[in-house]
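Residue numbers count from 1 along this sequence. As the structure is a prediction and not an experimental result, all values here were calculated from the model. Reckoned from all heavy atoms, side chains included, excluding hydrogens, waters and symmetry mates.
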Amino acid sequence: MSEKTTKKIIKKPNPFLYYLASLIIAPYLKFKLHTSYDRSGIRDIETPSIVVCPHVSNIDFLLVAVALFPHRPTFVVSQHFMTKPKIRRILEIMHVIPKKMFCPDVKTILNIMRAKESGNIIVIFPEGRLSCFGHSLQVTDGTAELIKKLGVSVYTICENGAYKTLPKWGKAGTRPGRIEVTSAKLIDSSDLANMTVDEINTVLDQAILHDEDAIFTDVTYKCKSPALGLDGILYKCPQCMSEFETVSDEHSITCRRCGFTAELDEKYRLRCLPSSEAGIDAKGTAVKCFERINDWFFWQEALIDLDTPLETDCLVGTTDTDGYMDMKAGKGHITMDRENIHFVGTCCGESLEFTESTSVIKGFPSSVGSHFDIYHKKQLYYIMPQPDPRVSIKWVAYLDKLTKERKEAAV
């Protein structure tokens with residue numbers, strides 16, 4: 001480790017504010033959201049160390065922080081959050097390490113190394129983004145290499161039920177039901193030197209593997225509008241096969257074109273009206289009405305033709321001189337095929353054109369029904385498809401499918 005790397009200290013969160021916040025947040029999570037904790041795997045957690053967690057909900061940070069209490073962890077968070085005025089100051093007090101997602105970011109790696117030298121517990125969400133449908137995503141490239149280089153013990157904390165409590169697509173707030181936070185030690189520091197990168201990757205994949213649709217299937221997550229916002233991720237009608245004709249209300253999602261309707265109850269079970277066979281899968285087999293959100297979502301992904309490029313007009317957001325997001329920075333047209341993502345338009349009053357390789361930009365962080373994120377020359381851009389911003393979810397699914405195909409071909 002060079003002297004330059006170790007000189008800068010990565011501070012832990014402000015102790016007074018951290019402990020004060022914990023006194024407020026912990027009771028809310030326990031009594032309002034019915035959260036329980038199994039801390040057995042982190043009871044004797046070493047410092048420094050790494051904690052890897054699946055990312056299924058926007059309350060994951062709170063759940064992990066309370067699980068680690070009284071330790072004050074260092075979170076690695078998306079640069080995306082630092083562009084929001086209301087939460088940037090809080091994150092700065094927490095001394096988080098910002099990360100440009102799906103973009104080479106040497107500064108973040110250096111800060112993680114410094115956090116290790118500072119004796120910190122470092123929390124990372126190795127999928128690189130929040131899942132929009134409650135299922136784990138692929139671990140980002142380079143995570144295993146970083147862990148091997150750090151040479152510290154690795155733990156995991158899993159937030160079972162957090163997605164169902166606050167789904168990314170939901171528009172009805174929190175849904176009290178059940179959350180179980182579990183923990184485990186994955187790798188001892190003494191074992192890392194003898195492990196290959198592939199072996200570490202296998203451990204990470206198993207720790208992150210998570211399917212919220214398959215757990216707590218009989219738990220009721222109380223919500224007056226359980227289906228509201230579901231059309232932000234379920235865009236293809238299983239009956240007439242039209243896309244982005246679905247609309248959701250309090251309890252159901254309906255295709256405007258053919259009238260196909262599915263209800264979602266408070267146990268996250270889908271019931272199609274009428275209950276009949278609808279549509280075909282990628283192999284040409286008839287598909288029955290979906291019982292779970294993930295079944296519908298993965299069916300959509302399977303039908304995406306990677307040889308048919310995507311294109312859309314779009315509005316563009318980017319950060320201003322103070323680092324805050326300007327959602328009206330520009331507009332243009334964007335295309336994506338197997339090899340490249342190409343944008344042409346205007347931004348901040350000037351012409352902007354760029355091309356990024358899909359082999360480098362391997363995934364899109366996104367906000368459901370709004371936009372997806374892309375970095376060009378380390379500058380963050382929000383791409384908001386027009387006229388229907390919900391189209392962003394198909395761009396996310398297209399790139400995910402392409403990246404998985406490449407990864408499987410490389411094995």
Side-chain angles (χ1 to χ4, degrees), residues 55 76-83 98-109 125-132 137-143 145-146 301 304-320 323 325-368 370-386 389-410:
H55 200 3
V76 179
V77 306
S78 172
Q79 181 69 33
H80 162 98
F81 294 108
M82 304 302 289
T83 68
K99 171 72 173 75
K100 294 179 172 67
M101 311 312 299
F102 302 99
C103 171
D105 193 354
V106 175
K107 182 178 179 182
T108 297
I109 303 301
F125 296 87
E127 297 154 286
R129 52 192 163 143
L130 171 59
S131 168
C132 66
L137 305 170
Q138 296 185 73
V139 173
T140 54
D141 292 344
T143 304
E145 289 86 347
L146 173 62
E301 185 183 84
I304 291 175
D305 180 5
L306 295 177
D307 293 320
T308 301
L310 299 182
E311 63 175 313
T312 183
D313 293 330
C314 59
L315 300 178
V316 178
T318 195
T319 51
D320 60 22
M325 183 57 62
D326 176 4
M327 298 294 285
K328 300 179 180 179
K331 60 182 179 179
H333 191 80
I334 190 166
T335 60
M336 178 168 61
D337 57 26
R338 281 182 170 272
E339 303 303 323
N340 295 304
I341 305 158
H342 182 73
F343 172 85
V344 59
T346 60
C347 188
C348 301
E350 298 181 357
S351 297
L352 175 66
E353 183 171 1
F354 64 80
T355 299
E356 292 288 346
S357 171
T358 55
S359 63
V360 176
I361 307 292
K362 298 180 180 181
F364 290 132
S366 67
S367 292
V368 174
S370 176
H371 64 268
F372 60 88
D373 302 359
I374 187 171
Y375 282 89
H376 171 63
K377 294 183 176 179
K378 299 188 183 300
Q379 178 70 24
L380 173 61
Y381 295 96
Y382 281 3
I383 303 298
M384 297 168 273
Q386 297 297 308
R390 295 181 305 163
V391 172
S392 59
I393 193 62
K394 187 173 183 180
W395 286 67
V396 172
Y398 180 103
L399 190 52
D400 281 349
K401 182 176 181 178
L402 178 59
T403 299
K404 279 188 279 189
E405 179 188 87
R406 285 176 173 156
K407 205 165 189 175
E408 291 168 358

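- Nearest heavy atoms, S370 versus S392: N-OG, 4.2 Å.
- A centroid separation of 6.0 Å or more is found between the aromatic rings of Y381 and F343.
- K407 places a side-chain heavy atom less than 4.5 Å from the side chain of D141.
- Not one N or O on the side chain of T346 forms a donor-acceptor pair closer than 3.5 Å with the backbone of S351.
- At a threshold of 4.5 Å between non-hydrogen side-chain atoms, the residues E311 and H333 count as touching.
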### Query
Checking side-chain contact (heavy atoms from CB on, under 4.5 Å) for the pair E356/H376: CA distance, chi angles, key distance, verdict?
CA-CA 7 Å; E356 292 288 346; H376 171 63; 2.8 Å; yes
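- The only option from I393, L310, V391, D313 that meets the side-chain contact (heavy atoms from CB on, under 4.5 Å) definition with P385 turns out to be V391.
- Looking only at distances, a side-chain donor or acceptor of T358 sits under 3.5 Å from a matching main-chain atom of E339.
- Heavy-atom contacts from other residues, nucleotides or ligands closer than 6.0 Å to NZ of K331 number 12 or fewer.
- In this structure, K100 contributes its side chain and Y375 its backbone to no donor-acceptor pair below 3.5 Å.
- Between Y382 and H371, the angle of the ring planes stays under 30°, which puts this pair in the parallel group of the 30/60° scheme.
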#### Entry: Working for side-chain contact (heavy atoms from CB on, under 4.5 Å), residues T319 and Q379
CA-CA 8 Å; T319 51; Q379 178 70 24; 2.8 Å; yes
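- Of all the heavy atoms in M101 and G128, the pair that sits closest is CE-O, 3.0 Å.
- Across all their heavy atoms, S367 and H80 have their closest contact at OG-CE1, 4.2 Å.
- Residues C347 and L352 approach most closely at CB-CD2, 3.8 Å, considering heavy atoms.
- Judged by distance alone, the side chain of T312 and the main-chain N or O of C314 form no donor-acceptor pair under 3.5 Å.
- The CG atom of D373 lies 11.5 Å from the SG atom of C103; values are rounded to the nearest 0.5 Å.
- Here the straight-line distance linking atom CD1 of I341 with atom CD1 of I374 works out to 4.0 Å at 0.5 Å rounding.
- Taking the six-membered ring where the residue is Trp, W395 and F372 present parallel rings, their angle staying beneath 30° rather than reaching 60°.
- The heavy-atom pair separating P365 from G363 by the smallest distance is CD-O, 3.6 Å.
- Counting heavy-atom neighbours within 6.0 Å of K107 NZ, excluding the residue itself, gives a total of 12 or less.
- At least one donor-acceptor pair under 3.5 Å links the side chain of T108 to the backbone N or O of P98.
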### Task
Check the pair R338 / L402 against side-chain contact (heavy atoms from CB on, under 4.5 Å), numbers first and verdict last.
CA-CA 7 Å; R338 281 182 170 272; L402 178 59; 3.8 Å; yes
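- Panel note: side chain D105, backbone K99; no donor-acceptor pair is recorded below 3.5 Å.
- Here the straight-line distance linking atom CZ of F364 with atom OG1 of T403 works out to 9.0 Å at 0.5 Å rounding.
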### Query
After noting the C-alpha distance and the side-chain angles of L399 and F102, does the key distance pass the side-chain contact (heavy atoms from CB on, under 4.5 Å) rule?
CA-CA 12 Å; L399 190 52; F102 302 99; over 6 Å; no
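- Not counting sequence neighbours, the partners of T355 by the side-chain hydrogen bond (donor to acceptor under 3.5 Å, both in side chains) test are H342.
- Closest approach of P126 to T143, counting heavy atoms only: CB-CG2, 3.9 Å.
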